[in-house]
Amino acid sequence: MNILKSSILAVVLLVTTNTFSQTREITFDTYANVSASKASKYLLADNVALRDCPATQCQKLTTLPIGLKVRLLEKSDNIITVNGVSSRFYRVKVGPDSGWIWGGLIAQKTLVSKSDPTVLFVFGEKGVKHSADSDTLKHYQIRAVKHGKEIDRLTLSNRELNFENVINLGNKGLENIDDIIGLTERSGDSCDVTLDTLYVVWKNNTFKKTNVLAEVSDRFIDVDHTYMAEN
């Protein structure tokens with residue numbers, strides 16, 4: 001009986017360990033620890049519920065639009081996981097008001113379009129996908145926002161993308177391209193071990209993704225032929 005109990009406990013611990021290894025908490029700095037600018041983030045989703053306490057059953061005070069800039073004041077002790085995305089609730093300041101929002105609805109990286117400064121690109125995790133061969137892929141999303149309205153969105157599937165290295169490369173001198181966004185894949189927990197770079201091209205208010213950008217004399221050639229199917 002003791003052997004059986006030990007075996008069951010070992011299996012439970014193994015499953016728990018695998019679950020946590022696949023679910024990295026999305027976390028942000030708060031105003032108590034960093035400057036106001038570093039504690040200010042943009043919303044990744046639309047109609048984000050602003051609540052009066054840090055739980056989904058708390059009263060909804062209002063809803064906030066995508067791309068809204070909020071200041072993170074403090075974070076909750078409890079971690080909530082939705083579709084494989086784990087984060088805490090954050091108390092945010094919006095104008096004169098404050099309330100709690102779930103961190104999975106906050107952009108991990110926000111970029112400004114170099115062709116149109118009124119357009120923001122917000123990037124973050126969307127969920128986890130388990131394939132038939134037991135391989136685990138994460139879903140990431142990048143959304144283009146202008147004046148609180150979403151223009152376009154794109155979903156990317158990858159084992160792990162390093163959001164810290166999501167950068168806007170500009171259009172590299174190409175008149176028919178507005179922005180080229182690079183996203184670096186990372187291996188394990190190390191940010192130093194990179195595998196491949198994905199590119200998201202912003203053109204005519206639409207996202208396209210590609211794995212390769214041909215480079216000639218330090219300039220990117222027309223990348224239309226390298227476009228891959230979306231989603």
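What you see below is based on every heavy atom in this structure, not just the backbone, and it leaves out hydrogens, waters and symmetry mates. Numbers for residues simply follow the sequence, beginning at 1.
- Atom CG of Leu43 and atom CD1 of Ile106 lie 7.0 Å apart (nearest 0.5 Å).
- Paired with Ile181 under the rule side-chain contact (heavy atoms from CB on, under 4.5 Å), one option of Ile142, Ile167, Leu154, Val201 passes, and it is Ile142.
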Query raised in the report: When you look at Lys109 and Val166, which way does the side-chain contact (heavy atoms from CB on, under 4.5 Å) test go after all the steps?
Result: CA-CA 7 Å; Lys109 187 67 175 283; Val166 176; 4.0 Å; yes

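- Considering NZ of Lys172 and NZ of Lys114, their distance stands at 7.5 Å, rounded to 0.5 Å.
- Residue pairs meeting the ring-ring contact (aromatic ring centres under 6.0 Å, His included) criterion with at least one partner in residues 103-122, sequence neighbours excluded, are Phe121-Trp202, Phe121-Phe207.
- In this structure, Arg24 CZ and Lys138 NZ are separated by 5.5 Å, a value rounded to the nearest 0.5 Å.
- Contact of the Lys41 side chain with the Leu72 side chain is registered, since non-hydrogen atoms from C-beta on lie closer than 4.5 Å.
- Annotation for Phe89 and Ile80: closest pair CE1-CG1, 3.6 Å, computed over non-hydrogen atoms.
- At a threshold of 4.5 Å between non-hydrogen side-chain atoms, the residues Gln108 and Ile26 count as touching.
- The hydrophobic cluster containing Val70 also contains Phe28, counting ILVMFWY residues as joined when their side-chain heavy atoms lie under 4.5 angstrom apart, directly or transitively.
- Using a 4.5 Å heavy-atom cutoff, the side chains of Glu150 and Ile66 are in contact.
- Using modelled atom types, one finds no donor on one side chain facing an acceptor on the other under 3.5 Å when comparing Asn204 with Thr206.
- Counting heavy atoms from C-beta on, the side chains of Asp97 and Leu61 never come closer than 4.5 Å.
- The number of heavy-atom neighbours closer than 6.0 Å to OH of Tyr31, taken from other residues, nucleotides and ligands shown, is 12 or below.
- Val94 and Leu73 fall into different hydrophobic clusters, defined by Ile, Leu, Val, Met, Phe, Trp and Tyr side-chain heavy atoms under 4.5 Å apart, directly or through other members.
- Looking at Lys146 and Asp116, their side chains come closer than 4.5 Å, going by heavy atoms from C-beta outward.
- Among all heavy-atom pairs drawn from Thr155 and Lys126, the shortest one is OG1-NZ, 3.2 Å.
- By the 4.5 Å heavy-atom criterion applied to side chains, Tyr140 and Asn158 are counted as neighbours.
- The CH2 atom of Trp100 lies 6.0 Å from the OG atom of Ser76; values are rounded to the nearest 0.5 Å.
- Here side-chain hydrogen bond (donor to acceptor under 3.5 Å, both in side chains) pairs that include residues 44-65, with residues two or more places apart or in two chains, number zero.
- Note on Leu198: it clusters hydrophobically with Phe163, by side-chain heavy-atom contacts below 4.5 Å among ILVMFWY residues.
- Taking hydrophobic clusters as Ile, Leu, Val, Met, Phe, Trp and Tyr residues chained together by side-chain heavy-atom distances below 4.5 Å, Leu111 shares a cluster with Ile151.
- Side-chain contact check for Arg88 versus Thr27: every heavy-atom pair is 4.5 Å or farther apart.
- Heavy-atom minimum distance, Ser86 versus Thr81: OG-OG1, 2.5 Å.
- Atom CG of Leu44 is separated from atom CZ of Arg143 by 5.5 Å, given to the nearest 0.5 angstrom.
- In this structure, the side chain of Asn78 engages the main chain of Pro54 through a donor-acceptor pair within 3.5 Å.
- Follow the hydrophobic side-chain contacts under 4.5 Å out from Val145 and you reach Val112 in the same cluster.
- Pairing each heavy atom of Asn171 with each of Asp178, the nearest pair is CB-O, 3.6 Å.
- Checked by atom type and distance alone, the side chain of Tyr42 never pairs as donor or acceptor with a backbone atom of Val122 at under 3.5 Å.
- Taking every heavy atom of both residues into account, Leu137 and Ser157 meet most closely at CD1-CB, 4.4 Å.
- Contact annotation: the side chain of Val119 never approaches that of Asn205 to less than 4.5 Å [non-hydrogen atoms, C-beta and beyond].
- To the nearest 0.5 angstrom, Lys75 atom NZ is 14.5 Å from Arg91 atom CZ.
- When atom types are taken as modelled, the side chain of Trp102 and the backbone of Ser87 share a donor-acceptor pair closer than 3.5 angstrom.
- Looking at Lys69, its side chain never comes within 3.5 Å of a backbone N or O of Arg71 through a donor-acceptor pair.
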